[in-house]
Structure formats: C-alpha cells, structure tokens
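Notes for the one structure printed next.
These figures come from a predicted structure and were not determined experimentally.
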Amino acid sequence: VPGQSLKMKIFLDRQNTIDVQGKVMWNRIVQDGRYVGVMFDRASLDAHEMILNYAFELNPDDVKKHWFSGWNNSSAPA
C-alpha cells in the first residue's frame, strides 16, 4: 500500500545482506505477482553502492535497460 513503512533485509548473496528502511511509493498487480516501488530512508551511500554493484555484476544489460527505461536509444549510455 503506498505510504506504508517497511523494514527490509536485502539478500545480495548467501553471505551479504543489507538492512534498510523505506516507504512504499507505488504498487502494481501483474499476472505473476506484485511489483512495488520503494524509496529507501536513511540508507547509507555504501549500502546504495553495494546494491547497485551487485545488481550490475549479475546482469549489466538488465540494469542498464531498467535504469534508463523511458530514455530514447540515442540518449542512453552504451
């Protein structure tokens, strides 16, 4: 529900986790479940960097595609 506060543990892999707090900004019910947009509160810059690094290492093309979603191809970085 938008506006709901959350405490989350993000499992980056079997050994690395990050505890964060956030707030639900939007949600969407889809055929295979529910998508939720979360704004993190008071997460350290190190936590942000670690999350992005793990995501980028797993699948750099998907990260670029989702990060730059809505940009036309001429302005998205290669």
Is a donor on one side and an acceptor on the other found under 3.5 Å between the side chain of N53 and the backbone of E49?
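Yes, because the side chain of N53 sits within donor-acceptor range (under 3.5 Å) of the backbone of E49.
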Does V24 share a hydrophobic cluster with M8, counting links as ILVMFWY side-chain heavy atoms below 4.5 Å and allowing steps through other members?
yes
ILVMFWY network linking W26 to V38, side-chain heavy atoms under 4.5 angstrom:
no
Between the side chains of Y54 and D13, is a donor N or O closer than 3.5 angstrom to an acceptor N or O?
yes
State the [atom1]-[atom2] distance between [X] and [Y], to the nearest 0.5 angstrom.
X: D41; Y: M39; atom1: CG; atom2: CE; answer: 5.0 Å
X: D46; Y: I18; atom1: CG; atom2: CD1; answer: 9.0 Å
X: Q21; Y: R42; atom1: CD; atom2: CZ; answer: 4.5 Å
X: L12; Y: T17; atom1: CG; atom2: OG1; answer: 7.5 Å

Among residues at least two apart in sequence or on other chains, which ones pass salt bridge (charged side-chain N to carboxylate O under 4.0 Å, His left out) with D19?
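If we apply the salt bridge (charged side-chain N to carboxylate O under 4.0 Å, His left out) test to D19, skipping adjacent residues, the hits are K9.
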Please lay out, stage by stage, how F40 and I10 fare under the test side chain to side chain contact (heavy atoms under 4.5 Å, CB included).
CA-CA 12 Å; F40 297 111; I10 299 173; 4.1 Å; yes
Smallest heavy-atom separation, P2 atom then M25 atom, equals CB-O, 3.9 Å
Report yes if the side chains of Y35 and N27 come closer than 4.5 Å at any heavy-atom pair, otherwise no.
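In short, these two side chains do not touch, never coming nearer than 4.5 Å.
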